Amino acid sequence: MFLRIDHVGIACHNLEEKIGFYESTFGLVVVSREVNEAQGVREAMLHVADGEGGTSYVQLLEPLSPETAVGKFLAKRGEGVHHIGYGVEDVSKAMAEIAAKGVRLIDERPRHGSMGASIAFLHPKDVGGVLTELVEAPRQ
Ligand code: MC0
């Protein structure tokens with residue numbers, strides 16, 4: 001079902017500071033920056049590697065306010081891994097297959113994600129405490 005790890009989402013207080021750390025420490029390069037009002041985040045995608053199943057990124061996430069998903073996460077747990085995004089061929093199909101196995105979908109239908117992707121989140125309580133995201137990249 002999964003083509004690749006599309007990205008690892010990392011919650012942080014200060015996006016620019018964290019980008020600087022990933023650039024200078026690991027040599028990663030920012031390929032996209034976006035504000036996603038609906039998701040309540042300011043985010044950056046940093047390229048990690050290209051593979052047969054597609055490209056993998058690190059996604060740095062700064063909350064737009066304390067009441068957002070990432071804002072609440074930071075208050076409760078501090079900075080760190082917020083979610084894992086898996087690349088899938090068809091997000092709607094993957095959602096239906098996973099829901100049929102009894103895992104709760106947070107999103108009833110795909111939403112707008114980073115770099116034009118269609119995304120959907122699965123509830124962390126049904127995935128062993130891991131917030132899990134399905135990512136269908138836009139067709140080239
Ligand atoms: C919350 N919980 C998590 C978690 N966030 N567990 C693992 N990983 C996370 N990231 C746990 C809490 O610790 C708590 O457990 C329980 O879930 C309820 O959390 P809450 O703080 O009371 O908050 P809720 O219930 O209002 O919301 C949690 C939920 C929400 C996961 C449903 O954060 C959500 O809808 N997330 C999906 C959207 C999202 O995260 N967007 C931001 C990234 P206890 O045991 O204390 O009860 S957007 C993004 O990444 C886009 C741009 C993209 O990739 O393209």
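Note that the structure is a prediction, hence the values are computed from the model and not measured. Just so you know, ligand 1 is whichever comes first in the structure, and atom 1 is the first atom listed for that ligand.
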### Verdict with supporting geometry, Leu134 and Ile119, side-chain contact (heavy atoms from CB on, under 4.5 Å)
CA-CA 5 Å; Leu134 308 173; Ile119 63 167; over 6 Å; no

### Message
Pair Phe2, Val88 - check side-chain contact (heavy atoms from CB on, under 4.5 Å), show working.
### Response
CA-CA 5 Å; Phe2 294 156; Val88 295; 3.8 Å; yes

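Side chain of Thr68 to backbone of Ser65: a donor-acceptor contact under 3.5 angstrom is found. Judged purely by atom type and a 3.5 angstrom limit, Asp107 has no side-chain atom pairing as donor or acceptor with the backbone of Pro110.
Within the 4.0 Å cut-off (strictly below), a protein heavy atom is located near atom 42 (C) of ligand 1. At a distance under 4.0 Å, no protein heavy atom can be found next to atom 25 (O) of ligand 1. Counting protein heavy atoms under 4.0 angstrom from atom 28 (C) of ligand 1 gives zero. Of the protein's heavy atoms, at least one falls inside 4.0 Å of atom 3 (C) of ligand 1.
For residues 52-77, every residue pair satisfying the salt bridge (charged side-chain N to carboxylate O under 4.0 Å, His left out) rule, not counting sequence neighbours, is listed here: Arg42-Glu62. For residues 1-14, every residue pair satisfying the salt bridge (charged side-chain N to carboxylate O under 4.0 Å, His left out) rule, not counting sequence neighbours, is listed here: Arg4-Asp6.
Looking only at protein heavy atoms, the nearest one to atom 49 (C) of ligand 1 is Phe121 CZ, 3.9 Å. Distance from atom 5 (N) of ligand 1 to its nearest protein heavy atom, with residue and atom name: Phe73 CD1, 4.0 Å. Among all protein heavy atoms, the one lying closest to atom 55 (O) of ligand 1 is Ser114 N, 2.8 Å. Considering only non-hydrogen protein atoms, atom 50 (O) of ligand 1 sits nearest to His83 CE1, 3.0 Å. Here the protein heavy atom with the shortest distance to atom 10 (N) of ligand 1 is His82 O, 2.9 Å. In this structure, the protein non-hydrogen atom closest to atom 23 (O) of ligand 1 is Lys72 NZ, 3.5 Å. Given atom 33 (O) of ligand 1, the protein heavy atom at minimum distance is Ala69 CB, 3.3 Å. The shortest contact between atom 38 (C) of ligand 1 and any protein heavy atom is with Gln39 OE1, 3.4 Å.
For His7 and Glu133, the side-chain atoms include at least one donor-acceptor pair closer than 3.5 Å. A donor and an acceptor atom, one from each side chain of His83 and Gln59, are located under 3.5 Å apart.
Expressed to the nearest 0.5 Å, how far CG of Leu61 lies from NE2 of His13 amounts to 13.0 Å. In this structure, Glu43 CD and Ser32 OG are separated by 5.5 Å, a value rounded to the nearest 0.5 Å.
At under 3.5 Å, not a single nitrogen or oxygen of Asn36, backbone or side chain, sits near a nitrogen or oxygen of ligand 1.
Using 4.0 Å as the threshold, Arg77 has a heavy atom nearer than that to some atom of ligand 1. Ligand 1 lies less than 4.0 angstrom from a heavy atom belonging to Gly129.
The pair Lys93-Glu97 meets the salt-bridge criterion, with a side-chain N (NZ, NE, NH1 or NH2) lying under 4.0 Å from an Asp/Glu carboxylate O. Using a 4.0 Å cut-off between a side-chain N of Lys or Arg and a carboxylate O of Asp or Glu, Arg111 and Glu108 do not qualify as a salt bridge. Here Arg33 pairs with Glu16 in a salt bridge; the nearest charged N to carboxylate O distance falls below 4.0 Å.
Residue nearest to atom 20 (P) of ligand 1, selected from Lys76, Lys125, Gln59: Lys76 (by heavy-atom distance). Remark: among candidates Asp107, Val127, Ile106, the nearest residue to atom 35 (O) of ligand 1 is Ile106, based on non-hydrogen atoms.
When heavy-atom distances to ligand 1 are checked against a 4.0 Å cut-off, Glu133 comes that close only through its side chain, counted from C-beta outward.
Shown in contact with Pro124 at under 4.0 Å from a heavy atom are these atoms of ligand 1, numbered in order with element: 3 (C), 6 (N), 7 (C), 31 (C). Ligand-side atoms of ligand 1 in range of Leu131: 8 (N), 9 (C), 10 (N), 40 (O), range being under 4.0 angstrom from any heavy atom. The distance from ligand 1 to the heavy atoms of Val70 drops below 4.0 Å at these ligand atoms: 42 (C). Using a 4.0 Å cut-off to heavy atoms of His7, the atoms of ligand 1 that qualify are 54 (O). Residue contact check: Gly113 has heavy atoms under 4.0 Å from atoms 55 (O) of ligand 1.
The side chain to side chain contact (heavy atoms under 4.5 Å, CB included) test with Tyr86 singles out one residue from Leu122, Thr132, Val135, and that residue is Thr132.
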